[in-house]
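Residue numbering restarts at 1 for every chain, and letters A, B, ... go by the order of the sequence lines.
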Amino acid sequence: MGYPRILYQNRVPAATLTTTGGTVTVGHPLSLLTTWRDYYRAAWSGANSYVIKIYNGATSLSYQSVAISGHNLFTCGARFKVEDCDDDSTWVERVAYTTPSSNKTLALFFTQVSKKYTRFTIDNNGGAVFSPEIGVLFVGNYLEFPEYLTTPFDPDAHRINKSSAQGDTGRILGTTVDFRSRTVNVSFSYLSSTWINATWFPFWNAQYATPFIFCHDPENYAAAAYLMEFDVDAMSVPFINSAWRGPLTLVMRGLYEEG
Amino acid sequence: MTTMAEARAASSRQLIRLVILKLDQCGNEYGSAPCTATGGRCAYTWPTCKDPANYTQTTYDWRFTNRGAPSILGALPLLLKFDPLGSRILQDKFEVSAGEWRLKFAPDTAAPLVAVNKTTAEDDVGSFWPNLIARNPNYQGRMIEVYEGFAGVAEADFELMFAGTIESITVSRDGAEIMSRDLLYKAKESKIPPKIDDSNTVQNNPLAAGGATLNLIAGGAGAFQVASAKHPRIVKIEDEYITYTGQTSDTLTGLGRGAYGTSAAQHVAGLAIAQVLAYGNAAFTAGIAPDLILYDLLYLSGIGAGYWEVADDGCVLNEALDNSETAFDVTGGNYLPDAGVIRIDDEWCAYTTRTDTLLSGIVRGVWGTTAVAHDTAAIVYISTCSSEVNRWHAGATFRRKVEKETSIGELVKTLAADNMADVFVNESGKIAFSIQAPPVIGTDVSALTRDDHWRNSRKVNFYDESRCTRVYLFHSAPLPDPGETPENYGALRVYYDADAEAAVNYGKAQIKTRYCPWIYQAAEANWLAVKLFNRYKKACPILTFSLETYYASIRLGDLLRLTVPEIVGETGAAVSKLYKVTCRDPKEDNEIIIEATDTGYGDDRYGLIAPAMGTLVTGIDNDDTFIYIKVGDAVGGPGAGRLRAADFRTGGQIRIGDEKITIGEIYDDDVWPRSTPKVALLTCIRGALGTTPDSHEVGDQVLILYSGASDDFRRRYAFIGDSDNMVDSDGDGAADEAGYLIF
């Protein structure tokens, strides 16, 4: 089992974004990548290779993960790689070409580096022209909890909003699904007061009202990444003693992605 | 991809509702020619425009889906729920309530840019709905469309389930609620003719009897209806009706003096000018076809031609057209009325004559559409009004003057009632015209029982008040605006059923009184009275039930054959009857509530309709497939006063004795001169429709059933009989020969 991570400190919203390759679809500009909402999608067409460049400004910024959500790269048969540099010229590969196995949220991790420029190159390995869409682009850091999740833990718990009916004569009629939504309950029995004060509270204060990407066990379940937000009106981490606090219980909610 | 039908038939499917708000947007780019705006913020709407002189009105589609819908590019998943109240047709009263939908949306933070489809757009802040309303305060009256689709179905295949106009938007902390009504509500709210201010008087000094230009006060023409050569409008000064075909800011031009049966006269300066409405021929001595009236009224109400339903009756262009040709080569012209209103691509036209291969006398680009070129083989769609009137009421004309400000909805309603028609907005958002008549052969009629995808049987309203034992029909009003005052009408037609009113029977007179302001002659009055009387001499129960999404393709106005335990015969066994869907409410929880009205048609579509029948030339055994029929005597020319080969329909049925026989090939043996004209039917199928093949003798009568009659034959003989099964065989308005009514 690995420690859970929450991706945050996304560099993209504050960065200068540029793109090359193909044409940006009218109504789906690059700026939609900054919204944290998978339904505001940037979209391109007319090429078989596209590049998104993220310039953080004169000061290098650290990052140790990238993620995409609300995309169609799997449907397009596309792949992407991530490179970075400080001079907009000497690009170093940070993530080798990766081919998504679905259109679900995908997060990738690496050793933290600090760079001014990051670029995504999306192609389909020389295939035909394709039209990618991306809703959320993440380049940033992550919070790693110092403890394992309290068991039992179910990352796949979700609510199904559907309507099914039985006819006058008892016949089972069709079922119509409205939506499925994921609700994840996360609990840590105890956490050190030092970590709570130094790491958790700064994170919480910056993040409680902002979406994030949650990975409950990146080591063993690399494909399990979810675009979520906290579904709480309050937060509490009771003192156990001067060294430890807990339990910390978090409720997260988001779309149950399919396909 | 999956089709809509496949998705509905699946045991489980994920529903997608796609809502489109069509709001105003400027077609320019901020600061780029022709836009000269600088500095200030603009959200590409008129209220936020910084260069109004160059504002270019276009429409932007704001798209929304339900929350969990699979992503549709550019659609915001904010739709929480919808509460539809479908349009409801009350057939016996010829009333249609406008559909009203309420849609609730979740709140959201602002869109990233004030206009995501523009290259130059400001960043946005705040909340989505307040921002949208602040920038689009002119949302009222703009179109809203709701589509239904399923995961796995291409968006292009989604089906429109509602189209209407935005009436109100309420924004709260919980999001927004949009209330929308269908287009008929717009017609009800529109009133014509417009009232003209008292100060807008004749400015000529004087307007001579032959004057061709009417001078108005400065800027006064804006109060009058917009006219053109294709669509002249009318003013009234003293007793004279004057048409005009154009206008400047302070004149009406192209005057047609002494119009609609009035006399041209001189009018002194300072006289009041009234806007009026008149439909009829130029001298007002005769009427015009109802399609020309209906679509002009809809046009005047602001409901564009894009929202008028059409039918594909099988006619196509047989040549490519430029934008000025006024005679169209076609194939299938025989499927169209002698005159009518058609649509080719997006262009609407009216024609006055037709043959099987040619439509002529065509006025191009009518009612706000533009004459454009069309490709050969383009479908010539016929308006539903032209098609229905041609099928059931060919040649009927109507006439009316309107001087008092009147709701267009009311004018449409009375016109529909005078044609015994339902006018309603269907689920495609189109205004359809449907005469209350039986299904024509080939109509797709779904048969349902409770064993189908039937969720709930709710109730049956036997609706006795729909029944009538006598019909009072007031018509031929000599003056404009007769309203519902009997004294304002010049004629009254009464039909009654003495047997029904007898004490041992129903025991009272149940009167259906109709005021018919559009009917001006006996033929249409007779036709309507007979149809009304026969349609409603039995009550028409209304059955309410609900179906599962599987049957979402059932639409308002569709016919259904239903067998339910609530409707039984004398033996207590359920009776299969034909119903018309008169209300359809789709609910969120996989349920569609249907109200269906009993049409009373039963199996009458196999009824006899011919006043003149044939006889067998030779006897036949029970397995003969060749039937030789004498269809008349050797008097008169071919087809005069007797059956013709063209009166039969392959695949339909005739009846000899108790046996029904399906017609195979038809051979015309009516070559003039001939002692006994005959028709031969070959490759017939004996014992059709559950009957038993039998032998028949020379001279046995051969009866054409409705199913076995050609279109022309149906037009001539169907629906022109009276309650005693007498039909008007010569079209003079009097029922004088024995025949059979369709209902």
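The part of A:Arg171 that comes within reach of chain B is its side chain, from C-beta onward, which places non-hydrogen atoms under 4.5 angstrom from that chain. Proximity to chain A (any heavy atom under 4.5 Å) is shown, for B:Ala111, by both the backbone and the side chain. Only the backbone of A:Ser164 has a heavy atom closer than 4.5 Å to any heavy atom of chain B. If you measure heavy-atom distances from B:Thr119 to chain A, you find no contacts under 4.5 Å at all. Only the side chain of B:Thr549 comes within less than 4.5 Å of a heavy atom of chain A; its backbone N, CA, C and O stay farther away. In this structure, chain A has a heavy atom under 4.5 Å from the side chain of B:Leu113, while its backbone stays farther away.
Rounded to the nearest 0.5 Å, atoms CG (B:Asn590) and CG (A:Leu173) are 8.0 Å apart. Taking OG of B:Ser71 as the reference point, atom CD of A:Glu257 lies at 10.5 Å (rounded to 0.5 Å). Rounding to the nearest 0.5 Å places CZ of A:Arg180 at 8.0 Å from CD of B:Gln14. Atom OG in B:Ser12 sits 8.0 Å away from atom NZ in A:Lys162 (nearest 0.5 Å).
Around NZ of B:Lys587, the count of heavy atoms belonging to other residues, nucleotides or ligands within 6.0 Å exceeds 12. Counted within 6.0 Å of CZ on A:Phe201, heavy atoms from surrounding residues, nucleotides or ligands total more than 12; the atom is thus considered enclosed. B:Lys104 NZ: 12 or fewer foreign heavy atoms inside a 6.0 Å radius. Enclosure of atom OH in A:Tyr97 by more than 12 non-hydrogen atoms of other residues, nucleotides or ligands within 6.0 angstrom is indicated.
Considering only heavy atoms from C-beta on, B:Leu73 stays 4.5 Å or farther from A:Tyr39 through its side chain. Between A:Arg37 and B:Asp108 the shortest side-chain heavy-atom distance falls below 4.5 Å. Here the side chains of A:Val177 and B:Arg13 are not in contact, with every heavy-atom distance at 4.5 Å or above. Using a 4.5 Å cut-off on side-chain heavy atoms (C-beta onward), B:Asn66 and A:Asp178 make contact.
The backbone N or O of A:Val26 sits nowhere less than 3.5 Å from a side-chain atom of B:Asn117 that would complete a donor-acceptor pair.
In plain terms, the two heavy atoms of A:Phe179 and B:Arg67 that are nearest each other are CE2-NH2, 3.5 Å. Between B:Glu548 and A:Thr175 the shortest heavy-atom distance is OE2-N, 4.0 Å. Here the closest non-hydrogen pair linking A:Ser163 and B:Arg455 is OG-NH1, 4.2 Å.
Counting heavy-atom pairs closer than 4.5 Å to chain A, the top residue among B:Pro77, B:Ala9, B:Gly74 is B:Pro77. Of the listed residues A:Ser31, A:Gly70, A:Ser181, A:Gly174, the one with more heavy-atom pairs under 4.5 angstrom with chain B than any other is A:Gly174. Top candidate by heavy-atom pairs under 4.5 Å with chain A, chosen from B:Tyr550, B:Trp454, B:Tyr60, is B:Trp454.
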